[in-house]
Amino acid sequence: MKPKNIDVIIPVYNASNTLKKCITSLLKQHFDSFNIILIDDGSNDSSSYICDSYKRYDNVCVYHIKNSGRAYARNYGLKVSKSKYIMFVDSDDWVANGFLKEAFDFMKESQNDIGVFNYYIAFNDSRVKIANANYYQNSKINLKKEDAFRGLLDDTIGNYAWNKIYKREVLKNIEYPVGKDFEDLATMYKIFNNANKIGIMNKVLYYYFQRKDSIMHSLSTKVIGDSLEARIELENYIKSNYPTLIKLSHQKLVFNALQYTVYAYREQSFNDMFNQAVQILEQSKIASIPGWKNQLMIFLFNYNKNLFRFIANKTRKK
């Protein structure tokens, strides 16, 4: 694989229904200097065959590895990549026509270390909506570091690997946590910390497909626990580096802790992470999280745990 301007890393696991659309959207780009790196993460459907069928393209590289999860596949892709810029695409998503050229031109003009762009949310019924309708009004702006972190915390930018383009230097020594869900949340602030210049362009370049069986639609104590663990680490980082953002960070942390305790009672799963969630809630004021339902649940947790437990158990999934 020869170095190009951009390497696009795609972890693949049992994505036979969406993979062709994903890869085709990249091969149709009006941009020549890029590689597609397909990491087949031990698929047991026809995904492996589909990946190999694209080897006929000089700029498509396929690696078959033992199933180890998306985080490991991304790490593997980073190790074999050689180009100046890195982009990520998930195998059930697809990209807009200007995905590569718009991103590359922006980075070349701005000399940023990270470029951020907007995205569409695509649904099973073919509906599509812009993720952030009130995105940054200016077409291209450079962000102060603190504003960039605010964008991560308030979801204006989002803790996603795929709505960004990176100079490979900012990904040096970065490893996605293997075996964890919400690996982007656990990693993105570290990548931003490595960057000197972060820019944002008001372009919608990516289609994020909302699958019914995605992580967000199949929550459990394990999934939420991984998210909470990442939030705790992020909160400690924000405290030390951007104390003016601690209120925003803490709102997310408290909500995550509340969510975890509800699911822990549902699933009768009590462990060290549960104890940490309890401690966060016991130390939090009711007004520390928006939404009256959330505030009511925190009130009940702190003043009537039996009723809190009853409500949590009543919402147990059948």
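One distance of note links CD1 of Ile114 with CG of Leu143; it measures 10.5 Å at 0.5 Å rounding. Atom CG of Leu152 is separated from atom CG of Asn159 by 5.0 Å, given to the nearest 0.5 angstrom. In this structure, Phe31 CZ and Asp105 CG are separated by 7.5 Å, a value rounded to the nearest 0.5 Å. Atoms CD1 and NZ, from Ile191 and Lys167 in turn, are 15.5 Å apart once rounded to the nearest 0.5 Å. Between the CZ atom in Phe274 and the CD atom in Gln279 there is a gap of 12.5 Å [rounded to 0.5 Å]. Atom CG of Asn294 is separated from atom CD1 of Ile289 by 4.0 Å, given to the nearest 0.5 angstrom.
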Show your working on ring pair (Phe, Tyr, Trp, His ring centres under 6.0 Å) between Phe106 and Phe117 and close with a plain yes or no. CA-CA 10 Å; Phe106 176 65; Phe117 45 85; 9.4 Å; no
Starting from the C-alpha separation in whole Å, work towards a yes-or-no answer on side-chain hydrogen bond (donor to acceptor under 3.5 Å, both in side chains) for Asn5 and Ser33. CA-CA 5 Å; Asn5 282 322; Ser33 185; 3.3 Å; yes
Given side-chain hydrogen bond (donor to acceptor under 3.5 Å, both in side chains), test Asn44 with Asn14 step by step and report yes or no. CA-CA 6 Å; Asn44 51 36; Asn14 290 357; 2.9 Å; yes
Begin from the C-alpha positions of Ile36 and Leu27 and carry the test side-chain contact (heavy atoms from CB on, under 4.5 Å) through to its verdict. CA-CA 9 Å; Ile36 299 174; Leu27 293 174; 3.8 Å; yes
For Asn306 and Arg309, what are the C-alpha separation, side-chain angles and deciding distance, and is it a side-chain contact (heavy atoms from CB on, under 4.5 Å)? CA-CA 5 Å; Asn306 287 332; Arg309 186 182 301 111; 2.9 Å; yes
Using side-chain contact (heavy atoms from CB on, under 4.5 Å), reason through Val80 and Cys61 one step at a time and then give a plain yes or no. CA-CA 10 Å; Val80 300; Cys61 304; over 6 Å; no
Apply the test side-chain contact (heavy atoms from CB on, under 4.5 Å) to residues Phe99 and Leu205: give CA-CA distance (whole Å), side-chain angles for both, the deciding distance (0.1 Å), then the verdict. CA-CA 5 Å; Phe99 177 71; Leu205 300 179; 4.1 Å; yes
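Ion pairing of Lys305 with Glu282 is present here, as a side-chain N (NZ or NE/NH1/NH2) and a carboxylate O approach within less than 4.0 Å. Between Asp52 and Lys55, at least one side-chain N (NZ, or NE/NH1/NH2) sits under 4.0 Å from a carboxylate O, which counts as a salt bridge. The existence of a salt bridge linking Lys2 and Asp58 is excluded, since no basic side-chain nitrogen approaches an acidic carboxylate oxygen closer than 4.0 Å. We find that Asp154 and Arg150 are not joined by a salt bridge, their nearest charged nitrogen and carboxylate oxygen being 4.0 Å or further apart. Residues Lys252 and Asp155 are paired through a salt bridge, judged by an N-O separation under 4.0 Å between the basic side chain and the carboxylate.
In this structure, Asn112 contributes its side chain and Gly115 its backbone to no donor-acceptor pair below 3.5 Å. For Gln29 (side chain) and Ser25 (main-chain N/O), a donor-acceptor pair under 3.5 Å exists by modelled atom type. No side-chain donor-acceptor contact under 3.5 Å links Asn97 to the backbone of Lys28. Distance alone, capped at 3.5 Å, places no donor-acceptor pair between the Asn35 side chain and the Asp7 backbone. In this structure, Asp226 contributes its side chain and Asp181 its backbone to a donor-acceptor pair below 3.5 Å. Arg168 places a side-chain N or O within donor-acceptor distance of the main-chain N or O of Ser81, the cut-off being under 3.5 Å. A distance-only check finds no donor-acceptor pair linking the side chain of Ser43 to the backbone of Asp40 [under 3.5 Å]. In terms of modelled atom types and a separation under 3.5 Å, the side chain of Asn302 and the main chain of Leu281 share a donor-acceptor contact.
Across every non-hydrogen atom of His250 and Ser284, the tightest pair is NE2-OG, 3.5 Å. Scanning both residues, Ser47 and Val12, for their nearest heavy atoms gives CB-CG1, 3.8 Å. Of all non-hydrogen atoms in Glu267 and Ser220, the two that sit nearest each other are OE2-CA, 3.6 Å. Taking both residues in full, the closest heavy atoms of Cys22 and Ser91 are given as CB-O, 3.7 Å, listed atom of the first, atom of the second, then distance. Heavy atoms only, all atoms of each residue included: Asn75 and Ile174 are closest at OD1-O, 4.4 Å. Across Lys197 and Ser110, no two heavy atoms sit closer than the pair NZ-O, 2.9 Å.
Two residues are said to be in side-chain contact when any heavy atoms from C-beta on lie closer than 4.5 Å; Ile198 and Lys145 meet this criterion. Within the 4.5 Å cutoff, the side chain of Ile200 has no heavy atoms near those of the Thr156 side chain. Taking the side chain as every heavy atom from C-beta outward, Ile232 and Ile280 approach each other to under 4.5 Å. Two residues are said to be in side-chain contact when any heavy atoms from C-beta on lie closer than 4.5 Å; Ile238 and Leu153 meet this criterion. The side-chain heavy atoms of Met188 and Leu234, taken from C-beta on, include no pair separated by under 4.5 Å. Put simply, the side chain of Met273 reaches to within 4.5 Å of the side chain of Gln276, judged on heavy atoms. Residues Ile6 and Ser83 have side chains not in contact (no heavy-atom distance under 4.5 Å, counting atoms from C-beta outward). Counting only heavy atoms from C-beta outward, the side chains of Glu229 and Glu233 approach each other to under 4.5 Å.
The environment of NZ in Lys101 is sparse: at most 12 heavy-atom neighbours from other residues, nucleotides or ligands sit within 6.0 Å. Atom NZ of Lys222 has more than 12 heavy atoms from other residues, nucleotides or ligands within 6.0 Å. Other residues, nucleotides and ligands contribute at most 12 non-hydrogen atoms within 6.0 Å of the CG atom of Asp272.
Each ring-ring contact (aromatic ring centres under 6.0 Å, His included) pair with one or both residues in residues 47-80, not counting sequence neighbours, appears once here: Tyr63-Tyr76.
With ring centers used as reference points, Tyr206 lies 6.0 Å or more from Tyr160. Here Phe270 and Tyr265 bring their ring centres to under 6.0 angstrom of each other.
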Show the atom names and distances, to 0.1 Å, of all donor-acceptor pairs under 3.5 Å that link a side chain in residues 253-262 to residues at least two apart or in another chain.
residue	atom	partner	partner atom	Å
Asn256	OD1	Ser227	OG	2.7
Tyr260	OH	Asn271	OD1	3.1
Tyr260	OH	Asn271	ND2	3.4
Thr261	OG1	Ala257	O	3.4
Thr261	OG1	Leu258	O	2.8

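One hydrophobic cluster holds both Ile10 and Phe34 under the rule that ILVMFWY side chains link at heavy-atom gaps under 4.5 Å. Using a 4.5 Å cut-off between side-chain heavy atoms of Ile, Leu, Val, Met, Phe, Trp and Tyr, with links allowed through other members, Phe209 and Tyr13 fall into different hydrophobic clusters. Connection of Tyr119 to Phe104 is established within a shared hydrophobic cluster, with ILVMFWY side chains joined at heavy-atom distances below 4.5 Å, either directly or through further cluster members.
Between Tyr237 and Tyr242, the ring planes are tilted. Angles from 30° to 60° get that label.
For the pairing with Arg74, the side-chain hydrogen bond (donor to acceptor under 3.5 Å, both in side chains) check across Asp41, Thr187, Asp184 returns one residue only, Asp184.
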